[in-house]
Amino acid sequence: MTVELAKDLGLSEVYGAFVDNQFKPVKGAVFHATAAATGEHLADIARCGGEDVEAAVLAAERAFPDWKSLQPEQRAAYLHKLADAIESAASRLMMIDTLDIGRGLWETGIDYSIAASQYRYFAAAIVTHEGFGRPIPNGYLVAKREPYGVCGQIIPWNVPAIMAALKIAPAVAAGNTVVIKPDENASLSTLELCKLVAQIFPPGVINVVPGFGEEAGAALTAHPRVAKLAFTGSSEIGRIVSVAGANRLVPVSLELGGKSPNIVFPDVDPVDVDAIVDNVTFASMYCNGQSCLAGTRLFLHDAIYDDFMSKLVASMKRIRIANPTDAGPLLGCLISPKQGRRVQEYIAIGKSQASLVTGGERAVVAGCDAGWFFEPTVFETSNESRLAQEEIFGPVLSVIRWNDYERLIHDANDVRYGLAAGLYTTNMAKALETADRLQAGNVWINNYFNLANGSPFGGFKESGIGSEFCRETLNMYTHLKAITMQGRVNPAWFAPVH
Ligand code: NAI
Ligand code: MG
């Protein structure tokens with residue numbers, strides 16, 4: 001049934017590299033796009049290597065001078081058209097992602113509205129991204145921002161539409177051209193996006209090379225004509241991409257993993273507790289826990305611990321685990337058997353080293369035999385445990401009891417990551433002090449997962465380098481050039497000898 005659905009959705013049987021607004025014929029090896037929940041085959045995709053990357057980079061390089069020389073308003077108009085096209089195609093695209101990656105339609109729908117609004121945000125932002133200047137004797141200094149050229153961008157599988165938008169929108173708005181490598185577990189929707197791109201953009205501005213990390217990914221990061229690298233994914237691969245950038249001395253921006261604290265203070269208003277429980281559940285289970293921002297370490301104060309915990313367990317048990325194509329909020333399946341086994345191993349570690357509160361088992365969903373579904377799982381543990389220190393990327397929450405504020409701050413920061421943090425309190429002075437002291441790029445007070453356009457999104461420590469989602473991102477995709485102009489040539493510095 002799923003395969004019929006795939007046909008109804010107009011998927012191609014095979015996708016080659018997207019270069020110069022065309023899918024290249026596939027000559028070499030392919031890999032398969034499969035439905036995460038049913039294991040059914042959705043399409044074949046070219047396993048790109050050095051040759052495809054070469055063609056894509058050269059196309060991007062050819063397109064660069066004309067694209068760069070457009071006025072910001074003109075580039076903005078292209079981005080708005082892409083946003084319009086995404087909005088028109090959203091119901092189809094979200095179904096493609098839901099089939100391919102196993103997240104519920106409710107979530108992939110949100111992905112597309114965030115993605116479309118990112119294109120619009122950067123369309124607007126680039127128009128006001130002026131340089132600066134000042135008068136100098138007999139002239140002027142002008143400092144302007146210039147795009148780097150060809151950007152090599154590598155994205156992961158968890159929220160493909162948002163990931164593509166976060167990379168394409170700022171880079172292209174700023175006048176760069178791009179070559180993107182989607183993740184081998186979630187390439188379909190980026191390739192489908194190419195069909196929209198082909199109708200809107202000049203050839204070569206946006207190119208896509210699907211394939212594996214060590215092949216297409218490594219070829220892209222090593223390519224001598226790529227002027228800027230951007231990566232989202234694990235900290236391990238972020239390090240490899242960083243080294244590739246260092247070898248070529250090109251700038252690298254990284255958005256990596258997280259193990260974010262979510263802190264509940266004892267003074268929370270009892271009337272808010274249900275909503276806080278819901279926030280905590282959402283923070284850890286949204287995206288099936290496969291989000292770098294997930295609030296996976298819950299610091300729960302001793303004074304409210306038992307009451308909160310029983311409400312939290314009830315909230316976790318209420319979550320519907322279902323076929324991702326069902327309507328409404330639900331827990332779908334993990335991206336792949338590999339990710340499923342990884343989460344299973346962490347749950348086993350938890351069962352031997354921590355105390356299981358709820359969940360802990362794989363779940364069976366009718367008609368979705370291939371899917372790796374898990375019950376929402378909660379462990380009580382210490383901050384030092386592997387469960388609390390390592391990014392699991394599944395529906396697993398670690399709860400840590402606290403009662404001493406200084407120890408709380410120490411523990412919340414005592415982790416290699418620093419992407420996000422949440423905290424719940426009615427004491428605004430304490431909230432602000434805590435926000436200042438948390439080592440995280442994003443602190444949410446009395447809310448979680450709240451990313452408005454313009455909100456910097458980037459990590460401290462091993463969570464990354466640079467900020468996406470905001471105006472500052474345009475600086476990441478441009479370098480400064482100073483031009484000084486004088487009406488008259490200065491008097492000679494070395495006097496002529498007569
Ligand atoms: P990964 O970091 O291996 O994959 C991310 C991207 O990097 C993919 O497009 C992949 O093809 C590419 N890649 C892999 N090796 C490469 C190389 N040598 N050169 C260039 N590109 C390369 O992530 P993976 O293995 O899928 O997931 C493992 C763990 O990573 C997850 O369990 C999670 O903890 C973390 N992760 C974090 C993400 C985030 O948003 N921060 C997203 C995905 C994974
Ligand atoms: Mg898939």
Side-chain angles (χ1 to χ4, degrees), residues 2 6 11 31-43 45 47-48 53 96-103 152-160 162-164 166-167 180-190 208-223 226 229-245 252 254-260 287-294 296 324 332-343 345-346 370-372 390-394 396 416-417 419-420 441 457-459 462-464 468:
T2 305
L11 294 178
F31 63 99
H32 307 302
T34 47
T38 60
E40 283 167 285
H41 179 261
L42 297 173
I45 299 173
R47 186 167 153 181
C48 292
V53 169
I96 291 170
D97 270 336
T98 282
L99 291 177
D100 197 10
I101 65 182
R103 285 175 49 229
Q153 304 179 311
I154 296 174
I155 55 175
W157 41 261
N158 51 348
V159 284
I162 300 177
M163 289 298 153
L166 257 54
K167 295 289 179 277
I180 305 171
K181 194 203 83 63
D183 193 282
E184 51 271 44
N185 297 287
S187 307
L188 268 187
S189 67
T190 310
V208 176
V209 284
F212 293 176
E214 315 79 59
E215 297 170 5
L220 186 56
T221 58
H223 198 287
V226 171
L229 291 170
F231 171 80
T232 298
S234 63
S235 300
E236 287 66 31
I237 304 297
R239 209 166 261 120
I240 291 172
V241 172
S242 224
V243 168
V252 181
L254 303 169
E255 199 274 282
L256 308 174
K259 194 76 193 181
S260 300
C287 236
N288 304 329
Q290 301 167 129
S291 165
C292 51
L293 289 166
T296 45
C333 63
L334 301 190
I335 181 74
S336 63
K338 180 181 159 214
Q339 191 63 18
R341 281 189 284 273
R342 176 188 162 105
V343 170
E345 274 171 35
Y346 274 107
W372 281 74
E390 297 176 17
E391 187 177 50
I392 299 173
F393 240 53
V396 182
R416 62 195 272 236
Y417 298 110
L419 195 53
F457 166 36
E462 291 185 34
S463 289
E468 298 188 309

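First listed ligand is number 1; within each ligand, the first listed atom is number 1. Along the sequence shown, residues are numbered consecutively beginning with 1.
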For the side chain of Ser291 and the backbone of Cys287, is there at least one donor-acceptor N/O pair under 3.5 Å apart? no
Polar contact flag for Cys292 and ligand 1 (N/O pairs, less than 3.5 Å): no
Within the 4.0 Å heavy-atom shell around Asn158, which atoms of ligand 1 are there? 40 (O)
Salt bridge between Arg47 and Glu214, side-chain N to carboxylate O under 4.0 Å? no
Check Gln339 against ligand 1 and report side chain, backbone, both or neither, counting heavy atoms closer than 4.0 Å. side chain
Check the Mg ion (ligand 2) and write out every protein N, O or S atom at under 2.8 Å, as residue and atom. Thr34 O, Asp100 O, Asp100 OD1
Any side-chain donor paired with an acceptor under 3.5 Å for Lys167 and Thr232? yes
Is the closest N or O pair between Ser234 and ligand 1 shorter than 3.5 Å? yes
Do the ring planes of Phe31 and Phe212 sit parallel (below 30°), tilted (30 to 60°) or perpendicular (above 60°)? tilted
Just heavy atoms, cut-off under 4.0 Å: does Asn185 contact ligand 1 by side chain, backbone, both, or neither? neither
Should you measure from each heavy atom of Lys338, which atoms of ligand 1 turn up under 4.0 Å away? 25 (O)
Within the 4.5 Å heavy-atom criterion, are Ile335 and Asn158 side-chain neighbours or not? no
Please list, in number order, the atoms of ligand 1 under 4.0 Å from a heavy atom of Gly257. 41 (N)
Is the side chain of Ser260 donor-acceptor paired with the backbone N or O of Leu419 at a distance under 3.5 Å, no angle test? no
Gly217 heavy atoms, cut-off 4.0 Å: which ligand 1 atoms fall inside? 19 (N), 20 (C), 21 (N)
What residue and atom, counting heavy atoms only, is the protein's closest point to atom 42 (C) of ligand 1, and at what distance? Pro156 CB, 3.3 Å
Check whether any N or O atom of Val241, backbone or side chain, sits under 3.5 Å from an N or O atom of ligand 1, and answer yes or no. no
Of all protein heavy atoms, the one nearest atom 7 (O) of ligand 1 is Phe231 CE1, 3.2 Å
Any side-chain to backbone donor/acceptor pair from Thr34 onto Ala36? Under 3.5 Å, distance only. no
Expected output: side-chain Asn288 to main-chain Gln290 donor-acceptor under 3.5 Å: no
Tyr417 side chain reached by Ser235 side chain, heavy atoms, under 4.5 Å: yes
Looking at Glu390 and Arg416, is there a salt bridge between them, counting it only when a charged N and a carboxylate O are closer than 4.0 Å? no
Glu391 side chain to Gly258 main-chain N or O, any donor-acceptor pair under 3.5 Å? yes
I'd like to check Leu166 versus Phe457 (side-chain heavy atoms, cut-off strictly below 4.5 Å). Are they in contact? yes
Closest protein heavy atom (residue, atom, distance) for atom 5 (C) of ligand 1: Asp183 OD2, 3.8 Å
Would you mind checking which non-hydrogen protein atom is closest to atom 9 (O) of ligand 1, with the distance to 0.1 Å? Ile155 O, 2.8 Å
Looking at atom 24 (P) of ligand 1, what's its closest protein heavy atom, distance included? Trp157 NE1, 3.8 Å
Just distances here: any N/O of Thr221 and N/O of ligand 1 closer than 3.5 Å? no
Shortest protein heavy-atom distance from atom 28 (C) of ligand 1, along with the residue and atom involved: Arg342 NH1, 4.2 Å
Could you check atom 34 (O) of ligand 1 against the protein and tell me its nearest heavy-atom contact, residue, atom and distance included? Glu391 OE1, 2.7 Å
Spell out, as yes or no, whether a donor-acceptor pair under 3.5 Å connects the side chain of Ser463 to the backbone of Gly257. yes
Side-chain donor or acceptor of Lys181 paired with backbone N/O of Gln153 under 3.5 Å: no
Provide, to 0.1 Å, the distance between atom 44 (C) of ligand 1 and the closest protein heavy atom, together with that atom's residue and name. Phe393 CE2, 3.8 Å
Between atom CG of Leu334 and atom CG of Asn185, what is the distance when rounded to the nearest 0.5 Å? 11.5 Å
Quick check on contacts: which atoms of ligand 1 are under 4.0 angstrom from a heavy atom of Leu256? 41 (N)
Value rounded to 0.5 Å, distance of CZ in Arg103 from CH2 in Trp157: 10.0 Å
Hey, does Glu184 come in under 3.5 Å of ligand 1, counting only N/O atoms on both sides? yes
